[in-house]
Visitor: 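Next up is a structure, given as structure tokens.
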Amino acid sequence: QVELVESGGGLVQAGGSLRLSCAASGRSFSNYAMGWFRQAPGKEREFVVAISRSGTTTYYATSVKGRFTISRDNAKDRVYLQMNSLKPEDTAVYYCAADRVYYGESYTYTAGDYDYWGQGTQVTVSS
């Protein structure tokens with residue numbers, strides 16, 4: 001069992017930055033690939049970025065590549081999302097998610113593959 005708690009959301013002007021954090025409780029955080037997803041009002045949840053369990057492999061959605069950076073600290077059981085050059089279209093509730101990986105450095109961008117989800121944190125970008 002893994003519990004995930006996101007923090008760091010807020011209101012920021014376009015062009016600004018935010019850093020989201022996701023704290024995991026439970027054992028063996030390093031056995032999980034982690035992902036960030038977001039959901040805007042009236043839209044489906046969409047993939048943002050994923051990171052493999054050791055942090056050596058990442059995969060970004062085209063819409064955020066070059067602006068967002070994912071990282072993780074397995075000693076602290078945390079994953080981070082640094083968001084720069086924010087745009088109004090980045091406004092959404094951001095969720096972190098954990099996917100149990102049994103071998104290798106795999107990751108997934110499919111929401112249904114993730115085993116655990118946080119409650120989400122609101123990010124609002126004003127124009």
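In this text, all values refer to a predicted model and were calculated from it rather than measured experimentally.
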Visitor: List, by chain and number, the other hydrophobic cluster members for Val101, where Ile, Leu, Val, Met, Phe, Trp and Tyr join if side-chain heavy atoms come within less than 4.5 Å, directly or indirectly.
Guide: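 Direct or chained contacts put Val101 with none.
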Visitor: Give me the other members of the hydrophobic cluster that Trp36 sits in, counting Ile, Leu, Val, Met, Phe, Trp and Tyr linked by side-chain heavy atoms under 4.5 Å, directly or via other members.
Guide: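 Hydrophobic cluster check, Trp36: joined to Val2, Leu4, Val12, Leu18, Leu20, Phe29, Tyr32, Met34, Val48, Val49, Ile51, Tyr60, Val64, Phe68, Ile70, Val79, Leu81, Met83, Leu86, Tyr94, Tyr116, Val123, Val125.
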Visitor: Tell me the closest heavy-atom pair linking Asn84 and Ser17, and the distance in Å.
Guide: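 The answer is OD1-OG, 2.9 Å.
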Visitor: Salt bridge (Lys or Arg N to Asp or Glu O under 4.0 Å), that's the test. Do Asp90 and Arg67 meet it? Break it down for me.
Guide: CA-CA 11 Å; Asp90 294 318; Arg67 300 187 298 122; 2.7 Å; yes
Visitor: Ignoring hydrogens and geometry beyond distance, is a side-chain donor-acceptor pair present between Thr91 and Glu89 at under 3.5 Å?
Guide: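 The answer is no; no qualifying pair exists.
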Visitor: Mark yes or no: Arg72 above the aromatic ring of Tyr80, with NZ or CZ under 6.0 Å from the six-membered ring centre and no more than 45 degrees from the axis.
Guide: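 No, a cation-pi geometry is absent between Arg72 and Tyr80.
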Visitor: I'd like to know whether CD of Glu105 has more than 12 heavy-atom contacts from other residues, nucleotides or ligands below 6.0 angstrom.
Guide: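 Atom CD in Glu105 is packed in, count exceeds 12.
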Visitor: Just checking, is any N or O donor in the side chain of Gln82 or Ser71 under 3.5 Å from an acceptor N or O on the other one?
Guide: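 Judged by distance alone, the side chains do not pair up.
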Visitor: Show every disulfide (SG to SG under 2.5 Å) that has at least one partner inside residues 97-127, sequence neighbours left out.
Guide: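 Not a single pair qualifies under disulfide (SG to SG under 2.5 Å).
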Visitor: How many angstroms lie between atom OG of Ser28 and atom CG of Asp77, to the nearest 0.5 angstrom?
Guide: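 CG of Asp77 is found 9.0 Å from OG of Ser28.
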Visitor: Check Ser54 against Asn74 and note the closest heavy-atom contact, atom names and distance.
Guide: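 Taking Ser54 first and Asn74 second, the nearest heavy atoms are CA-ND2, 4.2 Å.
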Visitor: Step by step, work out the side chain to side chain contact (heavy atoms under 4.5 Å, CB included) result for Gln119 and Glu6.
Guide: CA-CA 7 Å; Gln119 83 290 346; Glu6 302 95 335; 2.9 Å; yes
Visitor: Mind checking side chain to side chain donor-acceptor pair (under 3.5 Å) for Asp113 and listing every partner two or more places apart, or none if nothing turns up?
Guide: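 Partners of Asp113 by the side chain to side chain donor-acceptor pair (under 3.5 Å) criterion, ordered by chain and then number, come out as Thr108.
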Visitor: By the rule that ILVMFWY residues connect when side-chain heavy atoms come within less than 4.5 angstrom, directly or transitively, which residues belong alongside Tyr95?
Guide: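 Hydrophobic cluster check, Tyr95: joined to Phe37, Phe47, Tyr59, Val93, Tyr107, Tyr109, Tyr114, Trp117.
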Visitor: Given a cutoff of under 4.5 Å between side-chain heavy atoms of I, L, V, M, F, W and Y, with clusters grown through shared members, what are the other residues clustered with Leu11?
Guide: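 Besides Leu11, the hydrophobic cluster comprises nothing; the residue is isolated.
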Visitor: Quick check with a 6.0 Å cut-off and a 45 degree axis cone: is Arg100 positioned over the face of Tyr102's six-membered ring?
Guide: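 Yes.
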Visitor: Give the C-alpha distance, both sets of side-chain angles, the deciding distance and a yes or no for side chain to side chain donor-acceptor pair (under 3.5 Å) between Ser21 and Arg78.
Guide: CA-CA 7 Å; Ser21 178; Arg78 285 183 179 264; 2.8 Å; yes
Visitor: Looking only at non-hydrogen atoms, find the nearest pair between Arg38 and Ala92 and report the distance.
Guide: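 Of all heavy-atom pairs spanning Arg38 and Ala92, the closest is CB-CB, 3.8 Å.
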Visitor: Let me confirm one number: the NZ-OG distance from Lys87 to Ser127, rounded to the nearest 0.5 Å.
Guide: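 Reported to 0.5 Å precision, the distance equals 14.0 Å.
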Visitor: Which pair of heavy atoms, one from Ala14 and one from Pro88, lies closest together, and at what distance?
Guide: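 That closest heavy-atom pairing would be CB-CD, 4.1 Å.
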